[in-house]
Every structure is written in structure tokens, then in C-alpha cells.
Amino acid sequence: MSQLNLSLKIWRQKNANEKGSFETHQVEANEHMSFLEMLDVLNEKLISEKKEPVAFEHDCREGICGACSMVINGHPHGPQQKTTTCQLHMRHFKNGDTIHIEPYRAGAFPVIRDLVVDRAAFDRIIQAGGFVSVNTGQPQDANALPVEKDQASRAFDGAECIGCGACVAACPNASAMLFVSAKVSHLALLPQGKVEAARRVQSMVKQMDLEGFGNCSNVTACEAECPKGISVENIARMNREYFAAVLKSEE
Amino acid sequence: MPRDVASRAAKTACDEGLGVAPTGLAVYLDFSAAIKRYGQSKANSAGIHNASEAQIIELGEKVVEEKYGNLFEMYEKITGENPYKLPMKIYPAVHYTMGGLWVDYNLETNIPGLFALGECNFSDHGANRLGASALMQGLADGYFVLPYTIGKFLSGDISTPKIDANRAEFVAVEKETRERIDKLMSIGGSQSIESFHRRLGKIMWDYCGMSRTTEGLTAARQMIRELRDEFYRDVFVPGKGDEFNPELEKAQPAADFFELGELMVVDALNRNESCGGHFREESQTEEGEAKRDDVNYRYVAAWEYRGWKEEPIMHREDLDFDNIELKSRSYK
Ligand SMILES: Cc1cc2nc3c(=O)[nH]c(=O)nc-3n(C[C@H](O)[C@H](O)[C@H](O)COP(=O)(O)OP(=O)(O)OC[C@H]3O[C@@H](n4cnc5c(N)ncnc54)[C@H](O)[C@@H]3O)c2cc1C
Ligand code: SF4
Ligand code: FES
């Protein structure tokens, strides 16, 4: 197992109001560690020196929850394609490397502390329409709502979005279109989501604008940085859904 | 092969020093035979006679990719090795807690109005907690049970006026919480919360995990007690109590885990039989299967926690089987 001696330039910021700056730390990591395990090592070291550990978000540590948001060497979730920070392993770095680690920079994602940003804007967008209404209480027959395999797979492609916000961090306009379109597509493609489809897309887009996310100018950096490989085709689909819904509501 | 048997065998092999990988904490999971089998059957059904070995493997890998593609991709990211070509290195890990808060048939706990759904309530799973049945339980609780049962509570509560946050109960709880936080912040020791959490986890894993003995459990109870003392003497929680503080967020549940962990050990010690996920080495058949004692332990135990200094009290609910005959699991 080879060891790596790394120099980390990490963003430290006490809270949303105070100014932040980069701090340099040396850390020794093993090539099989994940990026977050490497940060754990740093934090253990800081704690043993009675210093404040670096605040960063994490939960599942297996690429499915979207918590581990940070920008590594200029890339949200690091330079590895289709990989979340927690899935990024240290074997992709070299001994002696200097790694820059900073929080997402987007007006709608204010910094809470160090690398932790507040992504509650995404939750509010979901609350505005990212759901389906169903009757609970009685199980439905399993074959009551047939969904074609193709349709199901495309819906699933949208459902793979983990709400991590890398698309926003990657976009020069800090647009949330990829995220919102993934959520809209996932539900619009399924029969369960048809009932509220028109209302959903309008409410979610409205909330997205209210949160202060920027406009989409087709840069497609979002798709390149998305750890789940969500396609910009979803944006086209959402635009169609949106205009159809607006036209219908104007009728 | 049932999940519990396979997991226990993997851990035992590693405990005996037979593990692979630099850590010694892994056994091989080799898909090569399965890939060939799938590939052969694919070739047969596609009418490809005399398929070459390479063709069969290619077809087989496609089948495996359909089934487990996302897991294989995750594995490759973690290890940097291609699991289609090299045997996977695996090790069991806890990913479910059997048992939890006592609830009645309406899923209400012993605190009126506090309902518990999903993994945090009692769990009705067998030794291997069949795949997907944890999510199934959450769905059943939330979809099919609670919509019927919470109404009774809400209908009684509808006339309750707005509750004043200055009531004595609120004030007392706030004070208690502040004192707990202040206590943790003021210890100023030298060890991180993470290090205590890991040590506690290791005790639970080794002595109150997939395989348990009277000796091990008795020792574990003592170890937990000592570790808890050490925690309150020597933990270091950095930062302040009134700011965003991830370490403090970890400290509070970690402190609770000592108590919960001890309770689990007490329960496991009490149950002198093997049953479901609880495997007592003293109580097994010649084939190594769990041996139940239906005469003495045909009950569910709910433990009443009474603080660190008191022994918990067991409330037992007997299990009566009228229409089903009690049987033992057999995969033969
Ligand atoms: C790695 C792994 C793999 C698994 N694989 C499978 C599988 O393949 N099939 C299967 O059926 N099951 C699987 N399980 C088990 C299953 O996922 C869980 O049992 C299930 O998700 C539990 O759901 P829940 O809603 O009961 O609890 P959770 O999903 O744990 O939800 C509890 C919620 O409470 C919140 N919370 C905690 N404390 C507080 C607080 N103080 N205030 C407010 N909120 C709080 C938490 O943030 C969390 O959102 C797996 C589990 C793990 C860990
Ligand atoms: S679209 Fe991709 S980058 Fe954006 S939130 Fe979803 S998973 Fe993350
Ligand atoms: S911690 Fe869940 S995706 Fe990284």
C-alpha cells in the first residue's frame, strides 16, 4: 500500500457572515482511502492538536445521497468523471500533490461553514412539486399500472439524480436546470406523475427562479460534472413540458 | 446460502487469520463460474452452438451487468479492480438493526402521540433479514398501517389548544439539553468522538454481532461500561455549543450509543438460545444452525431503561401460536 504525502489548501470559513480564506495542511494518506477518509485523517490530526476540524458534509459514503458536496481542484466532486467525492479514491492522486478543496460557490447555496453549504433551496424546489399524490391504505394490484421497460428506464435515468448540486456549482450561471429537469422528467415519464404534471413543472420552475438560480445558456458543464451522468436531454424535455403547461394554462 | 450463514463464515475465516487483502479483512467472492454458467445458458437460448469460451464469458458478463451492474461499478470505484475479471474482496458489515422501540399494533410508542415507523421500531425479520424486507417494512408501516391508526390519535388531539412553549415541561427539557451539551463541551479531554465511536462499534461487532457467547457478552458489558467512563473523562469536543458544530452533532448520539449498546448486550445475555438474528454459539445444532428454546424463550422482550445506574427491567410479551406450528429453519 503506498502512502501519499499531500498538501491540502482548504477553504476555512467560520460562518456565512465572516470572510473565509485558504489554509494549508499536510496530510499523509494511503492510496486505498476515499477522499473523505483522507479528510477524516486530517480531522483526527487537527482534533489531537486541539484545533477545529474541517466541516464537510457526508452521509452514505457510497455515492447515493448527494451530501458530500465540495469542489476539488476546480471540479465539483473532483476531477474523476461520474464519481462523487465519497467515491473518489486517493489512488487517483500522486505523492507530493497539492490539492485545492473549497465549497460550492453559488448565491443560492450560501456557505454554512468551511466546505458545508446550505442546499435547502433544492428541498424547497422539491417541496414545490417534486412529488406524486397517491392513495395510501390499500395496496394496489401489482399490474394495475403497466409501465413499458423503455419508459421505466428513462424515468429511472432521471431518478438517479442525487440532488448533490454539482450541476449548479459547475455552471457559470449557477443554474439549477439539470437538477430540476431530472426531477421533472423522472415523474413526468411515469403514469403516477401524469396527473399533476402541468402544475408540477410550473411550480418547480417558479421556485427555482425564486431561489435565485441563474438561467441556462446551454454551456452543458453540468452534464460533464454530474456524478450520476444526468443528460442535458432532460432540460429539453422539461422545456417542452413547461411550455406545453403554460400554453394549456393560458387557454 | 443464507445471508447470516455466509456472513458469519466470512468473519470467522478472517478472525482465524485466513482473510485476504493487505488488511486481512476480506474473503473472495468469485463470479467467474457464474459468468460462465450464465453465458452458456445465454448461448444455448440464442442457438449459438460451439460458442467459444471468450464468447461465453462475454455473454455471461452482460447478464451479470444487467443484474448487478451498478454494484460492480461501485466496487470498481472503491477498489480500483475490475470485478468482472478479478474475484471481489468482500467482508460483512452491519446495515440493519434488529429490534428497536416498543410499539403497539397502531405503531404508537409508550409515549402517547409518538409513533415509530420503519427500522426504529421492533422488527419482524428472521436471521437473514431477506433482501428488500427492511424497505418493505418501512413501506408497510407508512403506507398501510399508519394512515389507518394515526387518525385515532389526531381526532382526540384536535381540540387541544396551542401549547405554550413557556410551560414548565419545555423549560425543564431545554435546561436538561443545555446542561448535557455544556457537560460534553467542558470535558476537554484528549480523544475524539470518532475514536470512541469506533471502539464501541468494535466491541459490539465482536461480541454482540453475528455470533455471541455468554463469556463474550459478559466481557462486552464491562468493556462498554469502562469505555463510557473513559468517554466522560477524556473526550474532546472542539468548537462551541451554540454554533454549527458537526463534532457536537456526533457527540450526542455517540453518548447515547453506550446506553443502547449495553441494553442490546443485556438482552442478548438474557436470551439463552439462538433465535432469528441472535445466534448464541452455545445453542446450535450439529450442523451449526440456530437452536431455539421454545419452552423458555417463546416471548418478545421489551426493556425499560431506567438510567445508567439502574438495571433495566424486562417486560415480556408471550408469543402464542394457534394456527401455525413452530418449525426450525432448514435449507435442506
Ligand atoms: C448500506 C445499507 C444497505 C441496505 N440495503 C438494503 C437493501 O438492499 N434492502 C433493504 O430492504 N434494506 C436495506 N437496508 C436497510 C434499509 O435501507 C433501512 O432499514 C431503511 O432505509 C430504514 O428506513 P427508515 O425510514 O426506517 O429510517 P431511515 O431511512 O434511517 O430514516 C431516519 C431519518 O431520521 C432522521 N433523523 C435521525 N435523527 C433525527 C433527529 N434527532 N431529528 C430529526 N431527524 C432525525 C435521519 O436523518 C433519517 O432521515 C440497507 C441499509 C444500509 C445502511
Ligand atoms: S443533476 Fe447531477 S449534478 Fe445535478 S443535482 Fe442531480 S446528480 Fe447532482
Ligand atoms: S456521502 Fe452520500 S453521495 Fe457522497
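Just so we're on the same page: letters track the sequence lines, and every chain starts at 1.
For A:Gln87, the parts lying near chain B are the backbone and the side chain together; criterion is any non-hydrogen pair under 4.5 Å. With a threshold of 4.5 angstrom between heavy atoms, A:Ser34 does not approach chain B through any atom at all. Contacts between A:Lys51 and chain B at a heavy-atom distance below 4.5 Å involve the backbone alone (N, CA, C, O). At a 4.5 Å heavy-atom cutoff, the contact between B:Phe144 and chain A is made by backbone and side-chain atoms alike.
Of the listed residues (A:Glu52, A:Arg91, A:Arg113), the greatest number of heavy-atom pairs within a distance under 4.5 Å of chain B belongs to A:Arg91. Taking chain A as the reference chain and counting heavy-atom pairs below 4.5 Å, the highest number among B:Ser190, B:Ala140, B:Gly142, B:Gly239 is found for B:Gly239. Interface remark: of the candidates B:Gln191, B:Met74, B:Glu194, B:Glu73, B:Met74 forms the most heavy-atom pairs closer than 4.5 Å to chain A. Here A:Lys50 is the residue among A:Lys50, A:Glu62, A:Gln80 with the most heavy-atom pairs under 4.5 Å with chain B.
With ring centers used as reference points, A:Phe35 lies 6.0 Å or more from A:His89.
Ring geometry for B:Phe72 versus B:Tyr68: interplanar angle under 30°, hence parallel rather than tilted (30 to 60°).
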Fill in: Step-by-step side-chain hydrogen bond (donor to acceptor under 3.5 Å, both in side chains) determination, A:Asn95 to A:Gln3
CA-CA 7 Å; A:Asn95 187 26; A:Gln3 291 293 115; over 6 Å; no

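A salt bridge links B:Glu230 to B:Arg199: at least one charged side-chain nitrogen sits closer than 4.0 Å to a carboxylate oxygen. Using a cut-off of 4.0 Å between Lys/Arg side-chain N and Asp/Glu carboxylate O, B:Asp206 and B:Lys11 are scored as salt-bridged.
Here the NZ-CG distance, from B:Lys152 to B:Asp157, works out to 12.0 Å after rounding to the nearest 0.5 Å.
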